Amino acid sequence: MSELKNDRFLRALMREPVDMTPVWMMRQAGRYLPEYRATRAKAGSFMDLCKSPELACEVTIQPLDRFSLDAAILFSDILTIPDAMGLGLYFTEGEGPRFERPIRDAAGVEALGVPDPEGELKYVMNAVRTIRRELDGRVPLIGFSGSPWTLATYMVEGGGTKNFAQVKGMMFDRPDLMYALLEKTADSVIAYLNAQVAAGAQALMIFDTWGGVLSPSDYKQFSLDYMQRIVEGLTRESEGRKVPVILFTKGGGQWLQMMADTGCDGLGVDWTTDLADARARVQDKVALQGNIDPCILYASPERIRDEVGRVLASYGKGTGHVFNLGHGIHPNVNPEHAGALVDAVHELSVPYHAEG
């Protein structure tokens, strides 16, 4: 493995001094880039793109060739685990991911096994290995997974949902079933993420996309407790340095203190929480990642620059900030606007890291 030439992102997550605030963007490899669309067309389908280590590597590195980003994130999908469990993942135009065999009863939960990361999910590990080789130490590589609650939501609903009727119905009516499903999913995530670290991932992120739809007590029982279990089960050191872990619950700003107590290293924060408030609440326990509204990228580069300055000022001086969007970049954003954001972060953040 090549020596890292830029470890700003990893140092910020460990709350160590940096020369400027590191930046990367959720969904930075994606449809807003014409080069991504060309590679996606070459692959034939989204899952064919995910399952080709060479093409997954190609699209992972595309945004780094355009922008001076401080981290790469593995190109994959959060639903690779339930797909490997045999639920029959497929994608429909305009509807997003669907499962042929959703989990609706005890027999369905009982039939689930923990997938072998170097078996059914070997294509992901091969992608990690390929990306690390091709990055050649340019920036760190982030591996990731969905949270157990978020994965369970898709597994029970059979796809996306607006009212969460099936998954919350199971949670309220058969909590025993939901606990069993979440345990299997958590065990699968631990094995999956540890295999990503063994393959070369240098930081990990857990995406809890749907944790924010839960009440505070249900969030702790059905989402946070299982993320804590994952954090406790992860490989936390590799290649002679710490492997930091970031938790991100969209819409979870009210639970930042609880999340910080899991033992993670960083928390993703969406744009509905002010960074100054978030920082005051978690103190120096964890780094914070975020949190500009992705829709700012529809504005002019000048307006983007102003908003970047506001977010940096909200976090303030000192260590422990990774700049990011509050959620994924939208598919129809102008790539030049994404570049304007990255450049503004680096330029405007320098005074926040100066001594004195």
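Here the structure is a predicted model, which means the values were calculated and not measured. Values below: every heavy atom of this structure, side chains too, minus hydrogens, waters and symmetry copies.
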Which of Leu135, Ile142, Leu141 passes side-chain contact (heavy atoms from CB on, under 4.5 Å) with Val139? Answer is Leu135

Under 3.5 Å: donor-acceptor pair, side chain of [X], backbone of [Y]:
{"X": "His353", "Y": "Asp19", "answer": "no"}
{"X": "Glu3", "Y": "Asp136", "answer": "no"}
{"X": "Tyr315", "Y": "Gly320", "answer": "yes"}
{"X": "Asn194", "Y": "Thr235", "answer": "yes"}
{"X": "Asp187", "Y": "Val114", "answer": "no"}
{"X": "Thr153", "Y": "Trp149", "answer": "yes"}

So how far is it from [X] [atom1] to [Y] [atom2], rounded to the nearest 0.5 Å?
{"X": "Leu69", "Y": "Arg8", "atom1": "CG", "atom2": "CZ", "answer": "11.0 Å"}
{"X": "Thr161", "Y": "Gln166", "atom1": "OG1", "atom2": "CD", "answer": "8.5 Å"}
{"X": "Asp270", "Y": "Asp293", "atom1": "CG", "atom2": "CG", "answer": "9.0 Å"}
{"X": "Ile206", "Y": "Leu151", "atom1": "CD1", "atom2": "CG", "answer": "10.0 Å"}
{"X": "His321", "Y": "Gln289", "atom1": "NE2", "atom2": "CD", "answer": "8.5 Å"}
{"X": "Glu302", "Y": "Asp306", "atom1": "CD", "atom2": "CG", "answer": "8.5 Å"}

May I ask you to test the [X]-[Y] pair for a side-chain heavy-atom distance under 4.5 Å?
{"X": "Tyr154", "Y": "Val167", "value": "no"}
{"X": "Pro140", "Y": "Leu10", "value": "yes"}
{"X": "Pro82", "Y": "Leu89", "value": "no"}
{"X": "Asp48", "Y": "Ser52", "value": "no"}
{"X": "Met85", "Y": "Thr80", "value": "no"}
{"X": "Glu16", "Y": "Thr319", "value": "no"}
{"X": "Lys184", "Y": "Leu112", "value": "yes"}
{"X": "Pro34", "Y": "Pro335", "value": "yes"}

Can you list every ring-ring contact (aromatic ring centres under 6.0 Å, His included) pair that touches residues 279-307, not counting sequence neighbours?
-> Tyr298-His330

What pairs of residues pass the ring-ring contact (aromatic ring centres under 6.0 Å, His included) test when at least one of them lies in residues 80-137, not counting sequence neighbours?
-> Phe46-Phe91

Partners of Thr262 by side-chain hydrogen bond (donor to acceptor under 3.5 Å, both in side chains), sequence neighbours excluded?
-> none

Could you tell me which residues satisfy side-chain hydrogen bond (donor to acceptor under 3.5 Å, both in side chains) with Glu120, sequence neighbours excluded, listed by chain and number?
-> none

Ion pair [X]/[Y], N-O distance below 4.0 Å:
{"X": "Asp70", "Y": "Arg11", "value": "no"}
{"X": "Asp343", "Y": "Arg305", "value": "no"}
{"X": "Glu58", "Y": "Arg40", "value": "no"}
{"X": "Asp277", "Y": "Arg281", "value": "yes"}

Do you see a donor-acceptor pair shorter than 3.5 Å between the side chains of [X] and [Y]?
{"X": "Ser238", "Y": "Gln202", "result": "no"}
{"X": "His346", "Y": "Thr21", "result": "no"}
{"X": "Ser147", "Y": "Thr150", "result": "yes"}
{"X": "Tyr226", "Y": "Glu183", "result": "no"}
{"X": "Asp218", "Y": "Ser215", "result": "yes"}

Do you reckon Leu312 sits in the same ILVMFWY cluster as Leu275, going by side-chain contacts under 4.5 Å, direct or chained?
-> yes

Treat each ILVMFWY residue as a node, draw an edge where side-chain heavy atoms are under 4.5 Å apart, and state whether Val342 and Val18 are in one component.
-> no

Stepwise, does the salt bridge (Lys or Arg N to Asp or Glu O under 4.0 Å) test hold for Lys242 with Asp265?
-> CA-CA 10 Å; Lys242 181 89 178 277; Asp265 303 288; 2.9 Å; yes

Can Ser223 and Leu214 be said to form a side chain to side chain contact (heavy atoms under 4.5 Å, CB included), step by step?
-> CA-CA 9 Å; Ser223 183; Leu214 295 168; 4.2 Å; yes

Fit a plane to each ring of Tyr32 and Phe67, take the angle between them on a 0 to 90° scale, and name the class: parallel (under 30°), tilted (30 to 60°) or perpendicular (over 60°).
-> parallel

Run the numbers on Arg310 and Glu307 for salt bridge (Lys or Arg N to Asp or Glu O under 4.0 Å), then give the verdict.
-> CA-CA 5 Å; Arg310 188 196 64 76; Glu307 192 67 8; 2.9 Å; yes

Step-by-step salt bridge (Lys or Arg N to Asp or Glu O under 4.0 Å) determination, Lys220 to Asp225 | CA-CA 6 Å; Lys220 179 160 190 328; Asp225 284 355; 2.9 Å; yes

Mind jotting down which residue pairs meet the side-chain hydrogen bond (donor to acceptor under 3.5 Å, both in side chains) criterion with at least one end in residues 244-254? Sequence neighbours excluded, please.
-> Asp208-Thr249, Tyr219-Thr249

With sequence neighbours left out, which residue pairs that include part of residues 98-118 fulfil the side-chain hydrogen bond (donor to acceptor under 3.5 Å, both in side chains) condition?
-> Glu118-Arg129

Test log, rule salt bridge (Lys or Arg N to Asp or Glu O under 4.0 Å), inputs Asp261 and Lys285 = CA-CA 8 Å; Asp261 288 338; Lys285 195 172 278 187; 2.6 Å; yes

Supply the members, apart from Met20, of the Ile/Leu/Val/Met/Phe/Trp/Tyr cluster built from side-chain contacts under 4.5 Å; use none for a lone residue.
-> Val350

Do Glu54 and Cys57 pass the side chain to side chain contact (heavy atoms under 4.5 Å, CB included) test, and can you show the C-alpha distance, the side-chain angles, and the key distance before you say yes or no?
-> CA-CA 5 Å; Glu54 291 73 25; Cys57 174; 5.7 Å; no

Ring pair (Phe, Tyr, Trp, His ring centres under 6.0 Å) with [X]: which residues, sequence neighbours excluded?
{"X": "Tyr36", "answer": "Phe75"}
{"X": "Phe144", "answer": "Phe207"}
{"X": "Tyr192", "answer": "none"}

Please list, chain by chain and in numerical order, all residues satisfying side-chain contact (heavy atoms from CB on, under 4.5 Å) with Pro216, sequence neighbours excluded.
-> Trp255

Going by the salt bridge (charged side-chain N to carboxylate O under 4.0 Å, His left out) test, which pairs reach into residues 82-91, not counting sequence neighbours?
-> Lys51-Asp83

